2 protein chains.
Amino acid sequence: MFNRIEVKPAYRVVCETIEAQIVAGSLRPGDLLPTETQLADSFGLTRHTVREGLRQLEESGLVGRAAGRRLAVKVPDHAELAPRATQILRMQGVTFRELWEASMLLEPESARGAAGQITAQHLIALEANLAAMEAALNAGRSIIALDVEFHALLAAIAANKALMLAREPVSQLFFPALKQLFDHPRTRDTGPRRLIEAHRRIVDALRVRDSVTAEQWMRRHMQDFRRGYDVCGLDTDQPLPASFV
Amino acid sequence: MFNRIEVKPAYRVVCETIEAQIVAGSLRPGDLLPTETQLADSFGLTRHTVREGLRQLEESGLVGRAAGRRLAVKVPDHAELAPRATQILRMQGVTFRELWEASMLLEPESARGAAGQITAQHLIALEANLAAMEAALNAGRSIIALDVEFHALLAAIAANKALMLAREPVSQLFFPALKQLFDHPRTRDTGPRRLIEAHRRIVDALRVRDSVTAEQWMRRHMQDFRRGYDVCGLDTDQPLPASFV
DNA sequence: AATGTTGTATTGTTCAACAAACGCTCCTGC
DNA sequence: GCAGGAGCGTTTGTTGAACAATACAACATT
């Protein structure tokens, strides 16, 4: 009968009210919010209180500074969400196995989907990535960042928004976790070569829109990672060390 | 050469500084933050400026009110992130097809994983869900919420944090999208029955830890959804209507 | 046309308070 | 001895009136 009453601070109400207006559609992406003073007047609050609400709204990604100083409604981007998701996974002590199992699902599907959508434009980007990797390898620089980029490229080509959202945080953790591999004597020399080889094969398959082969090579590629982890004697059930930031 | 210069407001620096302390580990989950006045003194800012930073930190999920009023560092929960991810997908105009393709990957894996981890405790929860569904159906109430819950239960049982994070936002959109189906004359009568039947089969398979059958039935279950959508003449490539809130 | 200048609107920040809620200690009554 | 209040200090939530800094636009200058 009498449900739990919770008093929300005014700034929270401000945030929720504006958010509600946005999802309801009365404020559309691109629209400028009223000025802080106007909002304060409307709500019958001080500018300070309104500002605290706006700070939360800002962090939620629903508003941002489009052109000038004024806050504008925008469509939040999944690129903003990914780092936060990554952070959650790390702080919750996600294990290599969990990441690997997720990647084992998401990446092959990403490759498969890319085969159906790929354009000449995309191929150029992929080739550029491969070339950059070769160069980095020869120069003795790390290829991890380029690896992450490669997989992100594939996902972007596949153009499934749900998949991209799901994939990104996992990839942000999984691939950097492989840094250990490339530093390890057992895999330092062969690892990067095998990686580039797999990427090469995937691109070749995509060029001829061969989704089956692309998917197969991606799966092999993922299994390679897993095997490398084992070969190096690393425990797949341990939480990832915090150093992967 | 000359990169974009961005001057960050002080409240933003406050937020980032504290966040850095948390990820660096000098502030651990459970620790209380200093009081607003102390922070203001340390930073050499006004209490209000500090508060704006704290509001952002709060929204980011890294701090929260644990016991009393004081803010405490906490491990962010993926349950907080899911609604935001859902929002992003919806605002970006995600289509039924995208959601379905993602679910077609994630849900069967979820069922498969659950088979390996399930306990008597879990089975009780699943049975309770099934019973509640039967009851809801007989009473003519909607079973959508219970369906979402069923799939969330499976994911929780499978206990893969990366998978749960990936799955949740998709499920929050995908299953409610099926409301149309259960309102449509073509599937109104048979749909819910088939749904419960599939859930039943999955639970039965899980009870005997038969991961293959569980996964198969889940896949069939998903394909059923898709077929229903087609049968009702709905366009799978249209963005979901905004009414799924 | 490109570069200064001015003016105004809006955000960022400060200072000085006060109200309300919480946690704590200490005190009372049994 | 201890359960239950009464007070008290601490901390957050909120207000008010300012001022500084910046961005934008319109205009003047060269």
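A note on names: the letters A, B, ... follow the listed sequences, proteins ahead of strands, and every chain is numbered from 1. Just so it is clear, the values below take in all heavy atoms, side chains as well, and ignore hydrogens, waters and symmetry mates. Predicted model, so just to flag it, every value in this text is computed and none were measured.
Taking 4.0 Å as the cut-off between side-chain N and carboxylate O, A/E58 and B/R55 do not count as a salt-bridged pair.
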Going through the checks in order, is the side chain to side chain donor-acceptor pair (under 3.5 Å) test met by B/S26 and B/Q21? CA-CA 5 Å; B/S26 19; B/Q21 297 285 320; 3.0 Å; yes
Before you tell me yes or no, could you show the steps for B/Q87 and B/R90 under side chain to side chain donor-acceptor pair (under 3.5 Å), namely the whole-Å CA-CA distance, both residues' side-chain angles and the distance that decides it to 0.1 Å? CA-CA 5 Å; B/Q87 205 172 49; B/R90 180 146 26 78; over 6 Å; no
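Minimum heavy-atom separation, B/P76 to A/M91: CD-SD, 3.6 Å. Closest approach of B/E98 to A/A159, counting heavy atoms only: OE2-O, 3.2 Å.
For B/Q38 (side chain) and B/T35 (main-chain N/O), a donor-acceptor pair under 3.5 Å exists by modelled atom type.
In the helix from C/dA1-D/dT30 to C/dC30-D/dG1, the rotation axis of the first five pairs and that of the last five pairs differ in direction by 10°, rounded to 10 degrees.
In this structure, the side chain to side chain donor-acceptor pair (under 3.5 Å) partners of A/R51, at least two apart in sequence or on a different chain, are A/E36, B/E52.
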Letter by letter from the 5' end, nucleotides 11-17 of chain D scores (B base, S sugar-phosphate only, - none; protein heavy atoms under 4.0 Å) SBBBBBB
